[in-house]
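Computed from heavy atoms alone, side chains included, the values below leave out hydrogens, waters and symmetry copies.
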Amino acid sequence: LIFFSCFTAFSQRSCNTNPSPASLNFQNPTFESGSNNNVANQGDIFRFSNVAPGVDARVTITQLINGATLPQFDRPALVEGSDGFDRAFQPTLRTNGASSGAQFTIQYVITGTNTPVTLNFNITALDVDGNNVDLREFIQLSPLPASYSYNNPTAITFTNNATILRGTATAVTVEPGTGVSPQFGFSSYYEGISQVNVIIANTGGAASNDRQFSLLFEDITYPNRVDNNFTSPLICGTVRDNLGNPIAGVTLNLTGGET
């Protein structure tokens, strides 16, 4: 009788690496460079200090798409939990009466510098919904995450290719406020990277709308969780005999599902 203890991990991770993701706190951004006219413009860079111990996040407005604007670069929660979270990155997007959006580049750096640092982290997109008429929001992430998770049932349709993951509201239904209903959210897990690109946008919409987005940099609980992996697992562990002694030189053939 032998015993095999293991954990599964994504292919970027070695067996000696701590897989635990950081929970990141995006509060109180400061303007760093760009137009400096009290308006969030394309090309502006903001810094969130100490999103994790010893780590800052530099957020660049890479592109404003099809006439979109950002009346609020980061909106505080009026009621924590039901109107988003102060620790989340919460831009308000003003659409242009058509499909429009904003692209951000989020880079992690050593605190007080521009030196990149790699992290394991989650991004949870909350409140991906519509306007009850003709507009549907979407969130697009690149590079492709190691995995993503959502609830079943979900109000989001997912598409991806080799470089991006997009979650689009399936219908124009509104979730009141900026809530945390699992059906309107999804979580993406990244490992060992220093930079991620995020697009907040809408498809459809005949009139200008102010759309409130919320990106929470941690995982959330899904009552009926579904996990999808984009990377092959790396399995680490030790084969032991019935006395608990490690056995070397053993070949294992593993079959079955994820559980």
Side-chain angles (χ1 to χ4, degrees), residues 21-76 84-96 99-126 128 137-146 161 163-167 178 187-202 210-218:
S23 292
L24 306 178
N25 190 334
F26 278 66
Q27 291 194 71
N28 305 317
T30 57
F31 176 82
E32 187 159 288
S33 67
S35 55
N36 197 21
N37 60 355
N38 295 317
V39 177
N41 292 310
Q42 183 170 307
D44 286 356
I45 301 175
F46 295 81
R47 182 181 292 258
F48 291 88
S49 296
N50 296 308
V51 295
V55 178
D56 294 350
R58 300 177 76 236
V59 179
T60 303
I61 304 172
T62 313
Q63 186 178 10
L64 294 174
I65 304 164
N66 290 338
T69 58
L70 293 167
Q72 288 180 292
F73 174 75
D74 183 44
R75 179 181 57 84
F85 298 90
D86 282 340
R87 65 184 182 276
F89 176 39
Q90 300 198 142
T92 298
L93 178 74
R94 182 164 294 164
T95 69
N96 191 35
S99 297
S100 53
Q103 179 174 333
F104 304 94
T105 296
I106 301 172
Q107 182 185 41
Y108 301 110
V109 297
I110 295 172
T111 292
T113 76
N114 293 338
T115 304
V117 61
T118 59
L119 294 178
N120 302 337
F121 61 94
N122 289 290
I123 301 178
T124 296
L126 300 171
V128 184
E137 295 175 350
F138 70 83
I139 302 286
Q140 181 172 303
L141 303 171
S142 63
L144 193 69
N161 60 29
T163 60
I164 65 101
L165 171 68
R166 178 183 290 189
T178 309
S187 301
S188 299
Y189 173 64
Y190 282 96
E191 185 168 78
I193 67 170
S194 62
Q195 182 171 298
V196 63
N197 299 304
V198 180
I199 294 176
I200 61 169
N202 67 284
D210 279 4
R211 308 302 305 171
Q212 297 174 341
F213 289 83
S214 183
L215 299 170
L216 184 65
F217 287 77
E218 58 194 65

Working for side-chain hydrogen bond (donor to acceptor under 3.5 Å, both in side chains), residues E218 and S23: CA-CA 5 Å; E218 58 194 65; S23 292; 4.7 Å; no
The test is side chain to side chain contact (heavy atoms under 4.5 Å, CB included); show your working for Y108 and L24 and say whether it passes. CA-CA 11 Å; Y108 301 110; L24 306 178; 3.4 Å; yes
Between Q212 and T92, does the side-chain hydrogen bond (donor to acceptor under 3.5 Å, both in side chains) criterion hold? Intermediate values first, please. CA-CA 5 Å; Q212 297 174 341; T92 298; 5.0 Å; no
Test side-chain hydrogen bond (donor to acceptor under 3.5 Å, both in side chains) on T163 and N161 and set out the steps. CA-CA 6 Å; T163 60; N161 60 29; 3.1 Å; yes
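Residues F48 and D74 are in side-chain contact: their nearest non-hydrogen atoms beyond the backbone lie under 4.5 Å apart. Side-chain contact between I123 and I139 is absent, with no heavy-atom pair separated by less than 4.5 Å. By the 4.5 Å heavy-atom criterion applied to side chains, E32 and N114 are counted as neighbours. Side-chain contact between P29 and V59 is absent, with no heavy atoms from C-beta onward closer than 4.5 Å. In this structure, the side chains of F85 and L126 come closer than 4.5 Å at one or more pairs of heavy atoms. L70 has its side chain within reach of L93: a pair of non-hydrogen atoms, C-beta onward, lies under 4.5 Å apart. The shortest side-chain heavy-atom distance between V117 and S194 does not fall under the 4.5 Å cut-off. Counting heavy atoms from C-beta outward, I193 and F121 have side chains that approach closer than 4.5 Å.
Among all heavy-atom pairs drawn from I200 and P91, the shortest one is CD1-CG, 3.6 Å. Taking all atoms of both residues into account, the shortest heavy-atom contact from P76 to Q90 is C-NE2, 4.1 Å. Here the shortest heavy-atom pairing between P145 and Y190 reads CA-CE2, 3.5 Å. The two residues Q63 and Q42 have their closest heavy-atom pair at CA-OE1, 3.4 Å. The shortest non-hydrogen separation linking L64 to A40 is CD1-O, 4.3 Å. When all heavy atoms are compared, the tightest approach of Q27 to D86 is CG-O, 3.0 Å.
At least one donor-acceptor pair closer than 3.5 Å links the side chain of N120 to the backbone N or O of G192. Counting only distance, with no hydrogens or angles, the side chain of D44 and the backbone of S35 share a donor-acceptor pair below 3.5 Å. Counting only distance, with no hydrogens or angles, the side chain of T111 and the backbone of G54 share a donor-acceptor pair below 3.5 Å. No donor-acceptor pair closer than 3.5 Å links the side chain of Q103 to the backbone N or O of T62.
The side chain to side chain donor-acceptor pair (under 3.5 Å) test with S100 singles out one residue from N66, T95, N202, and that residue is N202.
Under the 30°/60° scheme for interplanar angles, the aromatic rings of F89 and F73 are found to be tilted. By the 30° and 60° cut-offs, the orientation of the rings of F26 relative to F217 is parallel.
Distance CG/L144 to CD1/I164: 8.0 Å, rounded to 0.5 Å. Rounded to the nearest 0.5 Å, atoms CZ (R58) and CD1 (I45) are 4.5 Å apart. Here R166 contributes atom CZ and I199 contributes atom CD1; the two are 7.0 Å apart, rounded to the nearest 0.5 Å. In this structure, T115 OG1 and D56 CG are separated by 11.0 Å, a value rounded to the nearest 0.5 Å. In this structure, the separation between CG on N28 and CZ on R87 is 14.0 Å, given to the nearest 0.5 Å.
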